[in-house]
Amino acid sequence: MIKVAVLGCAGRMGRNLLQAAIEHKNIELIGGYVRSTSSLNGLDAGEFCGLGKQGALITAELNDLLAADVFIDFTSIEATQTHIKWCNKHNKSLVIGTTGFDDAQVAQLKQDASNIAVVLAPNTSVGVNLLFKLAEMTAKVIGNDTDIEILEAHHRFKKDAPSGTAVRIGEVIADTLGRDLNDCAVYGREGITDERDPKTIGFATVRAGDIIGEHTALFADLGERIELTHKATSRMTFALGAMRAARWLKNAPIGFYDMQDVLGLK
């Protein structure tokens with residue numbers, strides 16, 4: 001049995017994480033963490049999720065959760081940067097589902113986690129991580145002969161664009177083809193753009209309604225195209241993937257990992 005705590009549990013994703021931990025037969029939920037101003041402070045996590053009293057406290061004090069083996073963080077860049085330092089100080093493993101980090105911020109996270117094991121995943125869905133692998137395989141075979149576009153759609157409340165998952169798809173493809181995504185990415189087009197540069201990787205973003213998350217890697221040639229698509233219909237898929245990562249982390253050596261490590265896809 002692994003003991004888990006959820007950081008930033010007040011939002012839509014946080015509630016799903018709490019529920020997934022409560023319902024998982026191999027996980028014990030220690031509690032959840034919220035800001036001191038949150039109305040959830042002091043509530044039972046099970047009652048918050050509509051699952052009855054579980055004895056797992058929602059608290060504004062991180063030290064109340066020291067019994068946890070692994071912490072799960074789907075919050076914001078600034079909050080995660082604080083949480084990882086606390087976890088490192090207290091030797092607690094961490095699953096990070098927060099998105100939007102740039103290269104310098106990721107480097108800082110690694111520096112701040114010198115004593116612990118961390119899974120950093122822009123998307124914890126098992127299906128999406130299979131998509132990463134399929135995108136890599138497709139790029140190896142036809143990537144240099146096709147136009148590559150990445151399309152993604154999310155709900156109106158999402159703050160970063162393109163999504164961390166879309167960027168990761170682009171990174172996987174670019175790395176496979178020996179390109180630098182920072183140099184070849186095209187984020188949106190407008191006006192007279194001239195003929196497409198075959199070495200670019202394009203991104204298109206939709207923000208609308210309550211779309212949970214949709215991603216497509218498109219490889220298009222003259223006469224045919226391959227579309228690799230993943231559609232999430234519930235945030236629970238991300239929560240269940242996070243639980244899988246948490247269980248894997250319990251016995252992992254100190255280091256920085258991703259979901260490809262968790263799923264044995266490397």
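Start at 1 with the first residue, then count along the sequence. Remember, predicted model here, so these are calculated numbers, not experimental data.
- No side-chain donor-acceptor contact under 3.5 Å links D112 to the backbone of K85.
- Of the possible polar contacts, one joining the S38 side chain to the L40 backbone as a donor-acceptor pair under 3.5 Å is found.
- Considering all non-hydrogen atoms of both residues, L66 and K92 come closest at O-NZ, 2.6 Å.
- More than 12 heavy atoms of other shown residues, nucleotides or ligands fall within 6.0 angstrom of atom NZ in K250.
- In terms of heavy atoms, A113 sits closest to V118 at CB-CG2, 3.8 Å.
- Under the 4.5 Å side-chain heavy-atom criterion for grouping Ile, Leu, Val, Met, Phe, Trp and Tyr, L57 is not connected to I27 through any hydrophobic cluster.
- Atom SG of residue C87 and atom CD1 of residue I116 lie 5.5 Å apart, to the nearest 0.5 angstrom.
- Side-chain contact between D69 and I2 is present, with heavy atoms from C-beta onward closer than 4.5 Å.
- Residues E149 and D147 form no side-chain contact, since every pair of their non-hydrogen atoms from C-beta on lies 4.5 Å or further apart.
- Atom-to-atom distance recorded for I150:CD1 and F203:CZ is 4.0 Å, nearest 0.5 angstrom.
- Scanning all heavy atoms of the two residues, the minimum distance from T176 to A139 falls at CG2-CB, 3.9 Å.
- Residue I226 holds its CD1 atom at 11.0 Å from CD1 of I148, rounded to the nearest 0.5 Å.
- The side-chain heavy atoms of T165 and L131, taken from C-beta on, include no pair separated by under 4.5 Å.
- Considering only heavy atoms from C-beta on, Y33 comes within 4.5 Å of L62 through its side chain.
- Within 6.0 Å of atom CG in D210, 12 or fewer heavy atoms from other residues, nucleotides or ligands are found, so the atom counts as exposed in its surroundings.
- Under a 3.5 Å cut-off, the side chain of T229 and the backbone N or O of T216 do not form any donor-acceptor pair.
- Cluster membership check: I84 does not share its hydrophobic cluster with V4, using side-chain heavy-atom separations under 4.5 Å among Ile, Leu, Val, Met, Phe, Trp and Tyr.
- More than 12 heavy atoms of other shown residues, nucleotides or ligands fall within 6.0 angstrom of atom NZ in K133.
- In terms of heavy-atom proximity, I169 sits nearest to A135 at CG2-CB, 4.5 Å.
- Going from atom CD of E78 over to atom CD of Q105 covers 8.0 Å, rounded to the nearest 0.5 Å.
- The minimum heavy-atom distance linking S36 with A60 is given by the pair CA-CB, 3.5 Å.
- For E61, the CD atom sits in a packed shell: over 12 heavy atoms of surrounding residues, nucleotides or ligands are nearer than 6.0 Å.
- Note: D44 CG to I58 CD1 = 7.5 Å, rounded to the nearest 0.5 Å.
- A 6.0 Å sphere centred on NZ of K266 holds more than 12 heavy atoms belonging to other residues, nucleotides or ligands.
- At least one side-chain heavy atom of V262 sits under 4.5 Å from a side-chain heavy atom of M259.
- Within the 4.5 Å cutoff, the side chain of D160 has no heavy atoms near those of the I77 side chain.
- Side-chain atoms of R189 and R196, non-hydrogen and from C-beta on, do get closer than 4.5 Å to each other.
- Contact of the L181 side chain with the R168 side chain is not registered, since no non-hydrogen atoms from C-beta on lie closer than 4.5 Å.
- The hydrophobic clustering, which links ILVMFWY residues whose side-chain heavy atoms are closer than 4.5 Å, places I22 and M236 apart.
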Trace of the side-chain contact (heavy atoms from CB on, under 4.5 Å) decision for N144 with R179: CA-CA 11 Å; N144 284 318; R179 304 176 193 173; 3.3 Å; yes
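- In this structure a side-chain-to-backbone donor-acceptor pair under 3.5 Å is present from N88 to N115.
- Going from atom CG of L94 over to atom CG of L109 covers 9.0 Å, rounded to the nearest 0.5 Å.
- A donor-acceptor pair under 3.5 Å is absent between the side-chain atoms of N41 and the main chain of T37, judged by distance alone.
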Check against side-chain contact (heavy atoms from CB on, under 4.5 Å), V6 and F74: CA-CA 8 Å; V6 176; F74 282 63; over 6 Å; no
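- Under the 4.5 Å side-chain heavy-atom criterion for Ile, Leu, Val, Met, Phe, Trp and Tyr, L17 and M1 are members of distinct hydrophobic clusters.
- Here the closest heavy-atom approach between residue V119 and residue A245 is recorded as CG1-CB, 4.3 Å.
- When hydrophobic clusters are built by joining Ile, Leu, Val, Met, Phe, Trp and Tyr residues whose side-chain heavy atoms come closer than 4.5 Å, directly or via intermediates, F48 is grouped together with L29.
- For D183 and K199, the salt-bridge test fails: no basic side-chain N is under 4.0 Å from an acidic carboxylate O.
- Side chain of S125 to backbone of G127: a donor-acceptor contact under 3.5 angstrom is found.
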Verdict with supporting geometry, W248 and D261, side-chain contact (heavy atoms from CB on, under 4.5 Å): CA-CA 9 Å; W248 183 86; D261 295 302; 4.0 Å; yes
Stepwise side-chain contact (heavy atoms from CB on, under 4.5 Å) check, E23 with L51: CA-CA 9 Å; E23 294 180 340; L51 300 174; 3.8 Å; yes
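- Under a cut-off of 6.0 angstrom, the local environment of NZ in K3 is sparse, with at most 12 non-hydrogen atoms contributed by other residues, nucleotides or ligands.
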